[in-house]
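For reference, the structure discussed in these notes is given below.
Keep in mind the model is a prediction, meaning the values are calculated, not measured. Below, chain A is the first sequence line, B the second, and so on; all start at residue 1.
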Amino acid sequence: MYSLIYLSITPYFLHMDFYKKITYYEKKMGKKLSIFGNIKASHENHENWEPLWKNATPKKTYDFIIIGGGGHGLATAYYLSRIHKSSNIAVIEKGWLGGGGTGRNTSIIRSNYLWDESAHLYDFSLKLYETLSQDLNFNTMVSQRGVLNLAHNLSDVRGAKRRLYANQLNGIDSEWLDTEGVKKYCPIINTSPDARYPVLGSTLQRRGGVARHDAVAWGYARAASDAGVDIIQHCEVTDIHVSNNKVVGVETTQGRINAKRVGIAVAGYASNVAKMAGFELPIATHPLQAYVSEPVKPILDCVVMSGAVHVYLSQTDKGELVMGAGVDKYIGYGQRGSFNVIEEQLSACMQLFPLFSRMRVMRTWAGMVDTCPDASPIVGKTPVDGLYINCGWGTGGFKSTPGSGWVFAHTMFNDAPHDLNKAFSLERFYSGALIDEHGAAAVAH
Amino acid sequence: MIKQKFRQTAGGVINREKSISFTFNNKRLYGYDGDTLASALLANGIHLVSRSFKTHRARGIMSAGTEEAGAIVQISKNTPKSQPNMRATEVLIYDGLAAQSVNAWPSVKFDIASINKLFSKYLFAGFYYKTFMWPKSFWKLLYEPMIRQMGGLGKCDIINDDREYERNNDFFDLVIIGAGKAGLEYAEQFLRTHKTKDHSIFDKQSTNDTTLKILLVDENPLLYLNKERIQKLGKEINVLTHTTVFGYYDNNYLCAVEHVNSSKIDQRIWHITAKQVVLATGAIERPFVFKNNDLPGIMLANSVQTYISRFGVRCGKDAVVFTNNDSAYQVAFDMKAAGINVKAIIDIRKTSPFEGRTDIPIFTQSVILEAQGKNHIKSVTVSQIKSDEQSVYRVKQIISCDLLAVSSGWTPSVHLHSQAGGKLSFDDDKACFVPTTTEQNNVSIGACNGDFSFDISSISKKWEIENGIGKSSYVDFLEDVSALDIRIAAKEGMSSVELLKRYTTVGMGVDQGKTSNVNAIGILANALDKPIDLVGTTRFRAPYTCVNFGALAGKELGDLLDPVRTTPIHDWHVDHGAVFEDVGQWKRPWYFPRTHESMQETLNRECLAVRTSVGMMDASTLGKIDIQGKDSGKFLDLIYTNMFSSLKVGSVKYGLMCHEDGMIFDDGVTAKIAENHYYMTTTTGGAANVLDWMEYWLQTEYPDWEVYLTSITEQYCAIAVSGPHVKKVMKHVFPEESFSNESFTFMTSKDILLNGINIRVLRISFTGELAFELHVPSYHGKEIWEQVYQAGKPYAITPYGTETMHILRAEKGFIIAGQETDGSVTPLDLDMNWIVSKKKDFLGKRSFLRKDTSRKNRKKLVGIITKDPKVVLPEGAQLVKDPHGSIPVNMEGHVTSSYYSATLKRSIALALINGGLENKGKTLYAPIEGSIIPVEVTSPVFYDPKGDRQHAE
Ligand SMILES: Cc1cc2nc3c(=O)[nH]c(=O)nc-3n(C[C@H](O)[C@H](O)[C@H](O)COP(=O)(O)OP(=O)(O)OC[C@H]3O[C@@H](n4cnc5c(N)ncnc54)[C@H](O)[C@@H]3O)c2cc1C
């Protein structure tokens, strides 16, 4: 059917009159990116494309510096300028934009977390995702295709239902599917009762799904840059300058840069950067791997996650199956993991999807995940005045990128947390008010 | 048999005696034993194999190896052996092989979606990101499904794969990867100059006297290699052919896949650790980037030669050769010798060393501006270039041809070197990236090190012939990435190769950029006006070539995925109709239904039996840890919240364990067997964690304490016998013993010898009834179980499962760690202050003083009864004060356990709610899927609150 629609719209694109009209539409839509712009560009032989974001050279002083050009850092800068109308902001990235966890994750987004604090924060984020492409005028390919969290034993079922009831009362869409329901929703899952760990049921969040991770980084970078944020790539922060317990600037590979407020959003490197300012974090950084298969025609229309047999996968729009493996148990910064982890996961995958035996692994990679003892993030103030930390998202911080940026911008701007991130302070490791999400985050995702 | 038009009458390594019949797009064709699908198709004059990813352009066979980026096929469609996205060059033909084009409908020659070609004007880098946003709702309904439909190459058939795979692990002193010229020579030379027992080559200290283990691996089948030399080597060293090393991990750890293709095993994964690795992986030729360079009939020059020499196949009749280096000349000569009419050699360079040495016309300082043809190349447009090397002369010449052999240089296969952490730099003279330093014990030799067997020094560093904007000048054939795409990306700020790769998807296809990466980097470097070295390469990642999921999963499938643990009494349970529950790896009897009994009826019967007569349960899955050493008591005081060092020999105590944060993580009873000797039990699921936890503290914090921990979970069976009649049963089993309260007091243990079997009997109760637990050496577990069962017959002893156990303990308000606790619950939250010692320090104690942990109004354990006694709450239900509150509603807590109690003739539940028993008597509500269930908060002890029954005489 789609090919038909496709065929019927194609001639319009080819029609020259149509191209002329575009100039008119384009004026009407302002500087927005659109199909019209695309068509125009191609008729202009693509001479006039501009950089998505400007590569800035550092100024002497900024009001706000954000260390880390991943999704979280870029979103923070964007909301600082858009919501809080701040200017004089820089994002400092040691490599290329989005080269950390942001460009390496399996891009699952969902908000069915157990505790109120997490549920509210993640759902806020998911809501921002729902209009992100339009907000940023950049297609982040948010695809709300539904996320299954399978239960394989009675204790799984108990945990899943507890989470389901809590989600419903928190206004987060969540449904229970029994074994037959799972089979109906995703027919290629093996639901045989003879499986080593049979599928006893599943929660389903229909609003969950995937998004294009790189596009999230680029979209924020572009919008932030348009709003005047300086985006500085290939510039590593090597020290944080503190005077009278107040942050005054950072030392970088491109020299010293002064700042009134500094936010750290460096994920896997969080402990190291915090150390520059003289405080410690309860973070352990582990390698986490993911991989894709060769691309095939659509075969899996939703996201499937299973804690008991540790599998989580979806199919990209390009057709690859993208799967995440487990963390390597040791601490490491090498952005590479051990092969046995992938093999073990594929054995588990064969139980759920025996037909995928014929699929082939095309590319593997690894990122670093900043895991916290309670599987919840740390977003808030630090022992140093004017210095803020955003880390600990571990294996699951892609889904929180917009929400995290929003509340972190608020925290940096007001020198006080937003309601949504109050509970996620570093202080909780002193008070004991931990937010244990090991259940909701049992599988890396 | 149909004649193979392009097969020479002689030559090649194929077995001409054995003709093979196969189908391509349902058409029957013939080839010879030893042919790849690609060579057999070419022999039949077929170049057009598939349609490209985005633009559906016609794509043909462009190489003879794993670098193939054009000819993608689906094998054995609709059969268990179906395999999408195979490269025609990697498939060996066999009788009955059925191959199909991918991404083409209705046929590869006439493909409807090739209308995309027209549309392709708009399908450039970043296109998706800039479109399909408006109107918003269209994305989900139309745009995305449409994009998904267009994506993908082959199909993953729904039928299960019936091939078998296995895994092998091995160690070698020396592994040589690649049995080409360099690899073979190295192996032969090594054997000539070294004694195969001389371990000092790799390990100076070695006193080993065994023969060195050496392995030579090559991805080609033996047939394609130098058979005689390899077979000779094979007498002294190990050889694996048709085996691709696809991953190089830390500590010289290699992963390889062997294509076994036997009737039993399809592929075998090798995990190899090597002391020394020699990489002789060769080099891959690069195509030129020019207009329509992707037409079928345009091939890498060396592959044309391979098809002649290996398969006796001519790839065309009238050929043109296009090169910027010397290597293609020999190809041209071989082509000519094979009877191909080589019409011209187009050489970019000012001069050619071969001028005057051949009668093939050589066009120096010339380029191919574009190729013409629809589904196959028909002609090329040739022009001279001006001395600035940028612009061309007006004069153009069209040469008709059906084959164009191209060579724009060579890319050493540095994948494994790079995966191993080795560095690269761009060698300007050779126009390629070559290995520099290595991180591991490996060395690159031959072409993969940039040491080619021909003179490359005069290569011209030009690989793109600019002509127009470059829309149909393809860089990555598989991903349909053109030179234009790369320039757009550069304009848009994708200034590093990693960004370029992600924005354009160059190098992300099934070949992982083997032929495209260097061209892309070169074009990007030009666009950015930077030296290639500064642009760099993307990180090389395993696997070098694609590997089947099934092969990597190996034999760890089904029940071998995770070992199934069963107790020694398991068969008895099976015989008695038990339904099992998975608890970790264990299979535990869940309940023992009789015919025509519903689950609830079974549970009622089992519960009442325990409360009124006697029941028995297999508790063997409990974790059991033997603890000995002079500091054992002190150590247990550290681990448990209550005091164990003061326990008398022969006594038993229940204990709770907390993590440092003060949260409960396991519980169980521990008996003191003798001075400095304890016997600990843990929960079933927690056994390994508890042992790890204790070892962690012993090894990292208290290494000087003398404590020895031994897991004996598997060594002991545990049989729980419980109910008012239990003493009579026990007396029957142990006639010599007295079970009076005086001689066998509650919370003590005794080792009793029965027919030579030492049975550890604990008088403890998890049901609230009179009860004993018999811990029996596993070997005798079933026998003693039978004895108890027989002895209990007069009292209708009833075997029960985990569900009845859960109900009985819930009636008593006993917790289950992991059900009433979830990592956020302290002993105080469960009102178990009585078990928290004030006198000593223990793990977690400090945390009880923390602000949040010591706060009032924490979630605490309560009992819950539904107003309607028949309604059983679902476990996990959330409780609220205001049933009509607007969402998000404040939740007071959740139901941790919930059952129907036959004893109490009503439902009961346990819950953790804010403020706990302060709410006693209050009404709360459980909103469940649209309905609201009112409940009352009560004490969590529903039955025998004084606890008299377990002390009965
Ligand atoms: C394999 C894998 C799969 C995952 N799957 C999912 C998933 O499905 N769903 C999900 O929600 N989450 C997932 N995650 C987690 C998610 O990727 C991360 O939580 C998230 O991307 C973190 O974003 P960030 O912006 O905080 O950090 P990053 O994207 O890592 O960005 C941090 C940046 O800081 C830079 N930096 C570090 N130190 C310095 C310095 N000194 N100076 C300057 N710059 C510096 C780094 O170069 C990096 O670019 C996955 C992670 C991995 C590794």
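For B:R846, the CZ atom is loosely surrounded, since the number of other residues' heavy atoms within 6.0 Å does not exceed 12.
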Problem set entry | Trace of the side chain to side chain donor-acceptor pair (under 3.5 Å) decision for B:D562 with A:Y197 | CA-CA 9 Å; B:D562 200 12; A:Y197 291 113; 2.7 Å; yes

For this session: Carefully, step by step, assess A:Q315 and B:R148 under the rule side chain to side chain donor-acceptor pair (under 3.5 Å).
Result: CA-CA 9 Å; A:Q315 189 176 15; B:R148 285 195 67 193; 3.0 Å; yes

Problem set entry | Residues B:R541, A:Y291; criterion side chain to side chain donor-acceptor pair (under 3.5 Å); working and verdict | CA-CA 10 Å; B:R541 295 282 192 182; A:Y291 50 100; over 6 Å; no

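Rounding to the nearest 0.5 Å places CD1 of A:I188 at 6.0 Å from CD1 of B:I158. With rounding to the nearest 0.5 angstrom, the CD atom of B:E144 is 10.0 Å from the CD atom of A:Q144. In this structure, the separation between CG on A:L346 and CZ on B:F549 is 5.5 Å, given to the nearest 0.5 Å.
The choice from A:M359, A:H234, A:K161 that makes the most heavy-atom pairs within less than 4.5 Å of chain B is A:M359. The candidate with the highest count of non-hydrogen atom pairs below 4.5 Å against chain B, out of A:Q345, A:M141, A:R428, A:Q168, is A:M141. Interface summary for chain B: among A:G334, A:P298, A:G319, the most heavy-atom pairs under 4.5 angstrom belong to A:P298. The most heavy-atom pairs under 4.5 Å with chain B, out of A:D194, A:N153, A:L154, come from A:L154. Contact tally against chain B (heavy-atom pairs below 4.5 Å) for A:M323, A:Q351, A:R158, A:R212: the top residue is A:R158. Interface summary for chain B: among A:V157, A:D301, A:N190, the most heavy-atom pairs under 4.5 angstrom belong to A:D301.
Exactly one of B:P543, B:P84, B:C546 qualifies for a side-chain contact (heavy atoms from CB on, under 4.5 Å) with A:R360. That residue is B:C546. Screening B:D162, B:D161, B:N548 for a side chain to side chain donor-acceptor pair (under 3.5 Å) with A:S357, the sole residue that qualifies is B:D161.
Side-chain atoms of B:Q419 and A:R336 include no donor-acceptor pair closer than 3.5 Å.
Applying the ring pair (Phe, Tyr, Trp, His ring centres under 6.0 Å) test to A:F339 and every residue at least two apart in sequence or in another chain returns B:F246, B:Y249.
In plain terms, the two heavy atoms of B:L499 and A:L97 that are nearest each other are CD2-O, 3.6 Å. Residue A:M350 comes nearest to B:A553 through the heavy atom pair CG-CB, 3.5 Å, listed as atom of the first residue, atom of the second, then distance.
A salt bridge links B:E479 with A:K318: the closest approach of a Lys/Arg side-chain nitrogen to an acidic carboxylate oxygen falls below 4.0 angstrom.
Remark: the backbone N or O of B:Q149 is paired with a side-chain donor or acceptor of A:K297 at under 3.5 angstrom.
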